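Below is one structure, written out as structure tokens; comments come after it.
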There are 2 protein chains.
Amino acid sequence: MVTEQVLFMALINKETIERLKQKTNDLVNRTLDKHINLAVTGLSRSGKTAFITSFVNQLVNENSQSQLDFFSAIHQGRFIAAKRVPQKNLHIARFEYDKAMAAFSNEPPSWPEPTQGISELRLAIRYQPENSLLKYATDTVTLYVDITDYPGEWLLDLPLLDQTFEQWSEATTELLQQPLRAKQAQGFLTKVAELDPFEPVDEEKLASLSQEYTQLLLHYRHELGLSVIQPGRFILPGDLAGAPILQFFPFTEFAQINIDDYQSAGDDTLIGMLRARYLEYKERVVKAFYKQHFVNFDRQIILADCLTPLNAGQDSFNDLQQALNLIMKSFDYGKSDMLTRLFSPKIDKLLFAATKADHVTPEQHQHLMSLLDQLVHQTKHQLSFDEIKMSTQAIASVKATKAGQGKYQGKNIPVIQGKALADNKLVTLFPGAVPSTIPKASYWQEKSFNYLSFAPLETVSTHHTLPHLRMDQVFEFLLGDKMT
Amino acid sequence: MVTEQVLFMALINKETIERLKQKTNDLVNRTLDKHINLAVTGLSRSGKTAFITSFVNQLVNENSQSQLDFFSAIHQGRFIAAKRVPQKNLHIARFEYDKAMAAFSNEPPSWPEPTQGISELRLAIRYQPENSLLKYATDTVTLYVDITDYPGEWLLDLPLLDQTFEQWSEATTELLQQPLRAKQAQGFLTKVAELDPFEPVDEEKLASLSQEYTQLLLHYRHELGLSVIQPGRFILPGDLAGAPILQFFPFTEFAQINIDDYQSAGDDTLIGMLRARYLEYKERVVKAFYKQHFVNFDRQIILADCLTPLNAGQDSFNDLQQALNLIMKSFDYGKSDMLTRLFSPKIDKLLFAATKADHVTPEQHQHLMSLLDQLVHQTKHQLSFDEIKMSTQAIASVKATKAGQGKYQGKNIPVIQGKALADNKLVTLFPGAVPSTIPKASYWQEKSFNYLSFAPLETVSTHHTLPHLRMDQVFEFLLGDKMT
């Protein structure tokens, strides 16, 4: 009788203790669980979809064959597992990871379709903390990573907040007159020059010229691969398609008009309505992005393809440089107080990644990184003294080539081998040397660089890891300090 | 000297007086200027774009040849002119009036493309008030009419606010099992029946089944022309495309599961996530429409095509009836307090218009109106005692036929003549009698009604008025009392 009761008590105690232990664990876990809002964006053709897909793929399929040695949580054996979990914001599109992986697992594999607008994906990463105090309190911690994928153009719109319609018009007029853009812009510029800015507004005429300006932006973005596209929402209007807020354009003849007349022009004149819509765009589109999204980001990675502009020539390269400079303004909130005043953003780490590093030979990677470093140099110098920690990296989200040695005039030279995107045929080549600093005029005359676009090399099934270059260093920089 | 000074004084005085008079006029005008927010929506294939185009066309081109005798402002010679002016909300798409008029002015003319989502257009109508007191104070008054064009499905979503996920699922399951819908729904119903609702959610599976449910809705709407489509945003997602908030579906097996299990199921189970997304949809989509748009409307016209369902048979007709009943809930805010509590809407006049009246012979118009009247009867009866004044009308926004007399077995019968939409050939026919009450089962067996779709009959240049039926009565009901 006594024995039975003791046994019963023992059972209860064991259960109670287990339950209490579990509760404590849950509680501690919940307190310790960490969270990062990671923003991913990119300039024209930088391979953003491939990057996010590889980011998720490397973590959810992590195993003994993974090549993530520079990611200390993995190197130290503290990484347990990662999985996709339902995202936070139900009204934002899901990042279609499975669809993108399907492209890589096809026979033959292909690059995934680019994403449109904004999308989200949430990862839960289980790991053991290295901190010994925590180690005793709990077994594992979960880091939740909310990945937000958004168009790079949205960052390029920030400078508009500091510009009047007149200033923006003048800056854009200058841009439209640059060699790369001028030819295509001629018809538009002529039509705007013929306008009487003070005539009563004709909404149809305004809509049709806005449409023409939008077509120019689409041409620059998709045919010429340029990155400086303003206003960014014009090329990806979403629900604003057909709305007056996207029906304005730069007035290119400010030099010809009296500025007092301009100041006093009413909203019912052509120029007055252009100005009114520009102001509304800043308010409803630009500010809305910063208020609804940007303020929530903890970390940001910006992807840039430096190779295509190197191929395309000096003007394209200048466009890339200008785009990076404009983008840096969104992170310069230590210096300029516009952002802080308006939105209090909290990004503390910023990574610039030169993508497609596998498209040049390995000894050029350092150059590629230096080049990107130079491109963002001026503001980076200031940023390093402020609150944002910044870094530059040369990566391949999904490696599409193999590196080797070739013979040229009897000497060994480094080469890469991959399937040309154009015809899917295997080619071996040395694309040339990447300049490690911003190239001088003479560089562009030589045209010694000739990079080729590659298709994915091998089919990778959905449960295997994609080949990559330096994704582990990306993880270490963006997640490492949160997984200690 | 004295004379000059007097002259000078007189000049000053005249100027001053003129200026003062102008100021007074402006002030009085501004005070007197009136404003109506007019909402236009319609059920499947009701010709909403043609209606709005004709509405604007009749007013902006009003002249001595206009046929708007029942519009008292015109009948009494007080209507001066109307013109389009820039709309109020810059972030809402412009209603493309010019594009729609271009379709009517083509050779041969065609129906304009249907609009997508929400759009706006503002009219300024100058008129002389009939009130003698006002007549002395000012010459003219302007009535501003903001026309908002939005999808009828958005009104059909209102009842969701009163339904739990369980209730909505049960109602929708019943709907999917009705004869018209059942055949197409079979595959979807089978897949849902095979689900384990308490298993951990697989977002991909959920996305794919939601896609299948959306395809069903699109089929019902576009192939079968049905009107009861819930959730309405699924078929016109806009910026929400791909977002989890549009990735749920009715769970059709509530009879098979334990309701306590359902109540306690977490958001990480399949059924829990369906419920969570349904709730978020109500919050972010349904409520948002009422808060952002509906509360601002003063007057509403709802267009319905009763002829196509009469052609298609009893089930289609029942669908129309059900859609109208669901829609009435949005205007029943005298009785039910859900709307008032949440949004305080202020619509005081509601017009139901049976469109395409020109597609039947003139002596049938009265029947068509009675039929629509019966369809909305129950709630109309209550509404007439409440704050909303309601009316029913049979109209043709753009008349596509001519009425005349034909011979049938030696007797004169009424006929209409028009160009068949299918082949553009001129046909003369008697489509049959429109039942003046909701038809009984026997009516459907006879199949005595055979209505044909017509193309616009004659090209109308953009500065002329479109032929119509009873648009003047529409104006009188919706605008007349504001133009006294």
Side-chain angles (χ1 to χ4, degrees), chain A residues 83-99 101-102 115-122 124 149 200-208 210 233 236-248 266-269 272-273 276-281 283-285 288 462, chain B residues 83-99 101-102 115-122 124 200-208 210 233 236-248 266-270 272-273 276-281 283-285 288 462:
Chain A
K83 63 172 182 174
R84 286 182 288 155
V85 292
Q87 72 195 57
K88 200 177 43 177
N89 296 308
L90 298 188
H91 62 291
I92 306 244
R94 294 164 66 233
F95 178 83
E96 297 203 81
Y97 172 76
D98 298 273
K99 204 170 148 193
M101 272 311 294
T115 51
Q116 297 278 319
I118 190 163
S119 65
E120 268 193 23
L121 184 146
R122 172 177 268 201
D149 161 17
V201 68
D202 170 350
E203 279 205 276
E204 278 310 299
K205 194 193 275 182
L206 208 150
S208 125
S210 305
R233 203 61 62 104
L236 215 68
D239 276 351
L240 296 175
I245 200 171
L246 301 191
Q247 293 177 341
F248 66 90
D267 283 2
D268 51 351
T269 62
M273 184 169 277
R277 291 183 177 182
Y278 172 82
L279 294 175
E280 187 82 3
Y281 180 86
E283 206 57 42
R284 277 213 177 243
V285 178
T462 48
Chain B
K83 63 173 182 174
R84 285 183 289 154
V85 292
Q87 72 194 59
K88 201 177 44 178
N89 296 307
L90 299 188
H91 62 291
I92 306 245
R94 294 164 65 233
F95 178 84
E96 297 203 81
Y97 173 76
D98 297 273
K99 204 170 148 192
M101 272 311 294
T115 51
Q116 297 278 318
I118 191 164
S119 66
E120 268 194 21
L121 184 147
R122 173 176 268 200
V201 67
D202 170 350
E203 279 205 276
E204 277 310 301
K205 195 193 276 182
L206 208 149
S208 124
S210 305
R233 203 61 63 105
L236 215 68
D239 276 351
L240 295 175
I245 200 170
L246 300 192
Q247 293 177 341
F248 65 90
D267 284 2
D268 51 351
T269 62
L270 191 141
M273 184 168 278
R277 291 182 176 181
Y278 172 82
L279 294 175
E280 188 82 2
Y281 180 86
E283 206 57 42
R284 277 212 179 245
V285 179
T462 48

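Note that the coordinates shown come from a computational prediction; the quantities given were computed from them, not determined experimentally. Protein chains get the first letters and strands the later ones, always in sequence-line order, with residue 1 at the start of each.
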Minimum heavy-atom distance between A:A93 and B:A241, given as atom pair plus value: CB-O, 3.5 Å
Heavy-atom pair count under 4.5 Å with chain B, highest-scoring of A:D98, A:I245, A:V85, A:L90: A:L90
Side chain, backbone, both or neither of A:R284 within contact of chain B (heavy atoms, under 4.5 Å): side chain
Interface residue of largest heavy-atom contact number with chain B, from A:P86, A:G117, A:G238, under 4.5 Å: A:P86
B:D239 side, atom CG; A:H91 side, atom NE2 - distance, nearest 0.5 Å: 10.5 Å
Interchain contact, A:Q247 with chain B, by part (heavy-atom threshold 4.5 Å): side chain
Contact winner vs chain B - A:D267, A:L240, A:D268, A:I92, heavy-atom pairs under 4.5 Å: A:I92
Basic-acidic side-chain contact under 4.0 Å: B:E204, A:K99: no
Choice from A:E203, A:E280, A:M273 maximising heavy atom contacts with chain B below 4.5 Å: A:E203
